[in-house]
Enquirer: 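If you scroll down you'll find the structure; I have some questions about it.
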Amino acid sequence: MEEGKETKGKLTTEPMIQRTTEEERDRLSELPDFVLLHIMNFIDTKDALRTCILSKRWKDLWKHLTTLSFDQSTSLFDERRVVNFNKFVSQVLSCRDGSILLINVRLVIFESIGSQLLNRIMKYAVLHNVQRLTMNIPFFYGKISTYLDPIIFSCQSLTYLELHNISCWPPLELPKSLQLPALKTLRLTRVLFTATNNVCAEPFTTCNLLNTLVLNDFFLHNDAKILFISNSNLSSLKLENLKIRDTFQHKVVLSTPNLSSLTVCIFGASSLSIQPLSSTCNLSCLEEGTIDIATDISHPVLIGWLQVFTNVKILTLSYETLKLILKDLSNLATMGSQPPCFVKLESLKVVTYLFRVISDEEVNKAVEYLLQNSPLIRVLLSKKLYHGSLLNYLGKCFYILFNLFHFLFPFLADALFLQQIIGC
């Protein structure tokens with residue numbers, strides 16, 4: 001019986017010991033440093049730094065990160081936590097291995113980080129040859145000199161810059177010229193351009209490698225009448241909410257001979273703040289164009305926009321744009337200007353949305369007017385659930401409401417925004 005028990009014990013205990021050893025094996029720590037660092041670069045720096053307590057192997061690993069991601073959203077409306085967040089950022093900059101190049105910096109700030117610390121981050125990024133920089137920050141004071149050291153706008157290594165001014169007003173005033181020779185992608189939200197000479201603002205002329213430009217909710221300063229987007233390398237341009245400050249004399253002029261994609265979107269702007277759009281070249285390389293208007297604009301301004309797209313091959317028009325054309329058609333007094341001839345047009349895409357009432361007859365009427373001077377092409381009618389999805393549509397609605405509440409009731413708006421973030 002005893003031998004039987006021993007045999008039985010061997011059969012039951014040996015596999016269990018082997019399985020326990022396998023379970024306790026730390027496979028993650030066995031990975032090479034470069035693999036672990038690659039994984040850590042995808043998470044928030046605060047979480048990456050927490051790995052230092054795991055073992056001696058992990059103690060200094062975070063100091064070799066090539067991505068720094070600071071997200072202040074977890075510290076909102078708690079003064080002590082905001083102070084601790086600022087101290088944490090400062091300590092990371094002090095303790096990180098300075099011999100390691102910095103590829104990517106991401107900042108998400110909702111409360112004041114302090115101009116001194118923010119400028120320290122910018123200088124640290126520039127000195128360590130940062131390549132990608134993303135900032136979501138409320139610039140309450142508007143002027144660069146008040147809040148942000150312009151050193152970042154002369155960074156020689158920067159290839160990607162995304163700057164979102166999340167404060168409702170004022171817009172962030174940028175330097176007259178962006179000295180970013182390596183920049184390939186630029187995304188700006190709620191910024192202000194000033195004139196470089198006479199009445200013309202030319203901020204992008206020296207960005208020789210710029211390939212993609214997205215401008216959202218931008219403004220021209222009082223001394224500037226023209227935003228001149230001049231860049232021979234630019235291939236993709238998106239303009240959202242073309243607004244002005246005081247007068248309808250402001251306009252946007254393109255000098256982008258190699259542009260292949262052009263998108264113009266306007267949501268919720270006053271008809272008196274819409275800027276005319278023109279081009280000094282015929283945009284002969286234009287492959288795709290999109291016009292999406294969700295507000296009333298004058299017929300001459302719309303015709304001026306269409307003139308810019310005369311050499312496009314694929315043109316996409318939104319439901320709101322069609323309604324605007326139909327409105328003009330119903331008012332014969334505004335129809336003095338005729339649509340241009342789209343000489344290269346191969347396809348016209350008409351995007352309508354479910355639950356929006358527009359008949360096939362109305363679509364045909366608008367299309368016939370638009371193409372009356374153009375060769376016959378195929379017309380594609382696409383029906384979507386709002387702009388891509390219901391979630392995106394609701395997101396835009398929330399964004400508009402948040403900005404409205406923030407303007408009228410700043411404290412209430414911030415409280416509502418906090419609830420959305422932390423799920424209170």
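What you see below is based on every heavy atom in this structure, not just the backbone, and it leaves out hydrogens, waters and symmetry mates.
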Enquirer: Using the test ring-ring contact (aromatic ring centres under 6.0 Å, His included), find all partners of H64 that sit at least two apart in sequence or belong to another chain.
Expert: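 ring-ring contact (aromatic ring centres under 6.0 Å, His included) check on H64 returns nothing, list empty.
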Enquirer: Is the closest side-chain heavy-atom distance between L37 and T66 below 4.5 Å?
Expert: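 No, their side chains stay 4.5 Å or more apart.
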Enquirer: Please tell me if the side chains of F204 and L234 come closer than 4.5 Å, counting only heavy atoms from C-beta onward.
Expert: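 With C-beta onward as the side chain, the pair stays apart.
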Enquirer: Taking C-beta and beyond as the side chain, do L107 and V89 meet within less than 4.5 Å on heavy atoms?
Expert: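 Result no, sub-4.5 Å side-chain heavy-atom pair not found.
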Enquirer: Shortest non-hydrogen contact from V252 to I229?
Expert: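 Scanning both residues, the minimum pair turns out to be CG1-CD1, 4.1 Å.
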Enquirer: Please step through side chain to side chain contact (heavy atoms under 4.5 Å, CB included) for the pair L302 and I325, ending with a clear verdict.
Expert: CA-CA 9 Å; L302 177 59; I325 293 174; 4.0 Å; yes
Enquirer: Under the rule for side chain to side chain contact (heavy atoms under 4.5 Å, CB included), what residues qualify as partners of V253, not counting sequence neighbours?
Expert: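 Listed in chain order: I226, F228, K251, S278, T280.
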Enquirer: Give me each pair satisfying salt bridge (charged side-chain N to carboxylate O under 4.0 Å, His left out) with a member in residues 277-289, each pair once, sequence neighbours excluded.
Expert: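 Output for this query lists E287-K313.
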Enquirer: Within the structure provided, determine whether L210 and N233 are in side-chain contact (heavy-atom separation under 4.5 Å).
Expert: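 A side-chain contact is absent here, since even the closest heavy-atom pair is not under 4.5 Å.
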Enquirer: Sequence neighbours left out, what passes side chain to side chain contact (heavy atoms under 4.5 Å, CB included) with Q91? Give chain and number order.
Expert: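 Expected list: none.
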Enquirer: Starting from the C-alpha separation in whole Å, work towards a yes-or-no answer on side chain to side chain contact (heavy atoms under 4.5 Å, CB included) for L277 and L254.
Expert: CA-CA 8 Å; L277 177 66; L254 307 182; 4.0 Å; yes
Enquirer: Once you round to the nearest 0.5 Å, how far does CE of M40 lie from OG1 of T67?
Expert: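 Atom-to-atom, M40:CE and T67:OG1 are 11.0 Å apart.
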Enquirer: Under a 3.5 Å distance rule, please check whether N208 uses its side chain to pair with a backbone N or O of P181 as donor and acceptor.
Expert: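 Judged by distance alone, no pair lies under 3.5 Å.
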Enquirer: For residues 121-131, run the donor-acceptor check on the side chains, cut-off 3.5 Å, and write out each pair with its distance to 0.1 Å, sequence neighbours left out.
Expert:
{"unit_1": "Y124", "atom_1": "OH", "unit_2": "R96", "atom_2": "NH1", "d": "2.9"}
{"unit_1": "H128", "atom_1": "ND1", "unit_2": "Y124", "atom_2": "O", "d": "2.8"}
{"unit_1": "H128", "atom_1": "NE2", "unit_2": "G98", "atom_2": "O", "d": "3.2"}

Enquirer: Can you list everything that forms a salt bridge (Lys or Arg N to Asp or Glu O under 4.0 Å) with K87? Sequence neighbours excluded, please.
Expert: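 Not a single residue meets the salt bridge (Lys or Arg N to Asp or Glu O under 4.0 Å) criterion with K87.
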Enquirer: In terms of relative ring orientation, are F42 and H38 parallel, tilted or perpendicular, with 30° and 60° separating the classes?
Expert: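 Correct class here is perpendicular.
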Enquirer: NZ of K184 to SG of C207: how many Å apart, nearest 0.5 Å?
Expert: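 That separation rounds to 13.5 Å.
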Enquirer: For E361, what residues pass the side chain to side chain contact (heavy atoms under 4.5 Å, CB included) criterion, not counting sequence neighbours?
Expert: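 With sequence neighbours excluded, E361 shows a side chain to side chain contact (heavy atoms under 4.5 Å, CB included) to S359, given in chain and number order.
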Enquirer: Restricting to salt bridge (Lys or Arg N to Asp or Glu O under 4.0 Å), what partner residues turn up for K63, sequence neighbours left out?
Expert: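 By the salt bridge (Lys or Arg N to Asp or Glu O under 4.0 Å) rule, K63 matches D60.
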Enquirer: How close do A48 and L65 get, counting heavy atoms only, and between which atoms?
Expert: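 Looks like CB-CD1, 3.9 Å.
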Enquirer: For S69, which residues count as a side-chain hydrogen bond (donor to acceptor under 3.5 Å, both in side chains) partner, sequence neighbours excluded?
Expert: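 Expected list: R106.
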Enquirer: Strictly distance-based, threshold 3.5 Å: is any side-chain N or O of N136 a donor or acceptor partner for the main-chain N or O of H164?
Expert: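 Side chain of N136 to backbone of H164, a donor-acceptor pair under 3.5 Å: no, none is there.
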Enquirer: Which value, rounded to the nearest 0.5 Å, describes the distance between L209 atom CG and L180 atom CG?
Expert: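 Going from CG on L209 over to CG on L180, the span is 10.5 Å.
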Enquirer: Hey, does L215 have a side-chain heavy atom less than 4.5 Å from the side chain of L227?
Expert: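 Yes - at least one pair of side-chain heavy atoms lies under 4.5 Å apart.
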Enquirer: If you take all heavy atoms of P340 and S374, which pair is closest and at what distance?
Expert: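 For P340 versus S374, the nearest heavy atoms are O-OG, 3.8 Å.
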Enquirer: Roughly how far, to the nearest 0.5 Å, is CG of D44 from CG of L68?
Expert: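 If I round to the nearest 0.5 Å, the distance is 10.0 Å.
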Enquirer: Rounded to the nearest 0.5 Å, what separation is found between the CG atom of L315 and the CZ atom of F342?
Expert: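 L315 atom CG to F342 atom CZ measures 6.0 Å (nearest 0.5 Å).
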Enquirer: Could you tell me if the side chain of L306 sits less than 4.5 Å from the side chain of L370, heavy atoms only?
Expert: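 L370 vs L306: side chains touch.
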Enquirer: Could you list the donor-acceptor pairs under 3.5 angstrom formed between side-chain atoms of residues 256-265 and any protein atom two or more places apart in sequence or on another chain?
Expert:
{"unit_1": "N258", "atom_1": "ND2", "unit_2": "S232", "atom_2": "O", "d": "2.6"}
{"unit_1": "S260", "atom_1": "OG", "unit_2": "S235", "atom_2": "O", "d": "3.0"}

Enquirer: Heavy-atom distance under 4.5 Å between the side chains of E173 and T194, does that happen here?
Expert: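 A side-chain contact under 4.5 Å exists here.
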Enquirer: Run the side chain to side chain contact (heavy atoms under 4.5 Å, CB included) test on T134 and Y160 for me, step by step, so that the C-alpha distance in whole Å, both residues' side-chain angles and the decisive distance to 0.1 Å come before the verdict.
Expert: CA-CA 8 Å; T134 302; Y160 180 98; 3.9 Å; yes
Enquirer: For F193 versus L174, what's the shortest heavy-atom pair and its separation?
Expert: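 Shortest heavy-atom contact: CE2-CD1, 3.8 Å.
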Enquirer: Mind checking what makes side-chain hydrogen bond (donor to acceptor under 3.5 Å, both in side chains) contact with K238, not counting sequence neighbours?
Expert: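 K238 satisfies side-chain hydrogen bond (donor to acceptor under 3.5 Å, both in side chains) with E240 only.
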Enquirer: Test side chain to side chain contact (heavy atoms under 4.5 Å, CB included) on L178 and L186 and set out the steps.
Expert: CA-CA 11 Å; L178 305 180; L186 178 61; 3.9 Å; yes
Enquirer: Does S318 offer a backbone N or O that forms a donor-acceptor pair with the side chain of D292 under 3.5 Å?
Expert: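 Absent.
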Enquirer: Mind listing the closest non-hydrogen atom pair of N86 and L117 along with its distance?
Expert: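 Looking at all heavy atoms of both residues, the shortest contact is O-CD2, 3.5 Å.
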Enquirer: Taking all heavy atoms of L158 and all of I152, pick out the closest pair and write down the distance.
Expert: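 Minimum heavy-atom contact is CD2-O, 4.2 Å.
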Enquirer: Can you list everything that forms a salt bridge (Lys or Arg N to Asp or Glu O under 4.0 Å) with R50? Sequence neighbours excluded, please.
Expert: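 Checked R50 against salt bridge (Lys or Arg N to Asp or Glu O under 4.0 Å); matches are D47.
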Enquirer: Measuring from W62:CH2 to T45:OG1, what's the distance to the nearest 0.5 Å?
Expert: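 OG1 of T45 is found 9.0 Å from CH2 of W62.
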Enquirer: When you compare the side chain of L239 with that of F218, does any pair of heavy atoms fall below 4.5 Å?
Expert: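 Touching, per the 4.5 Å side-chain cut-off.
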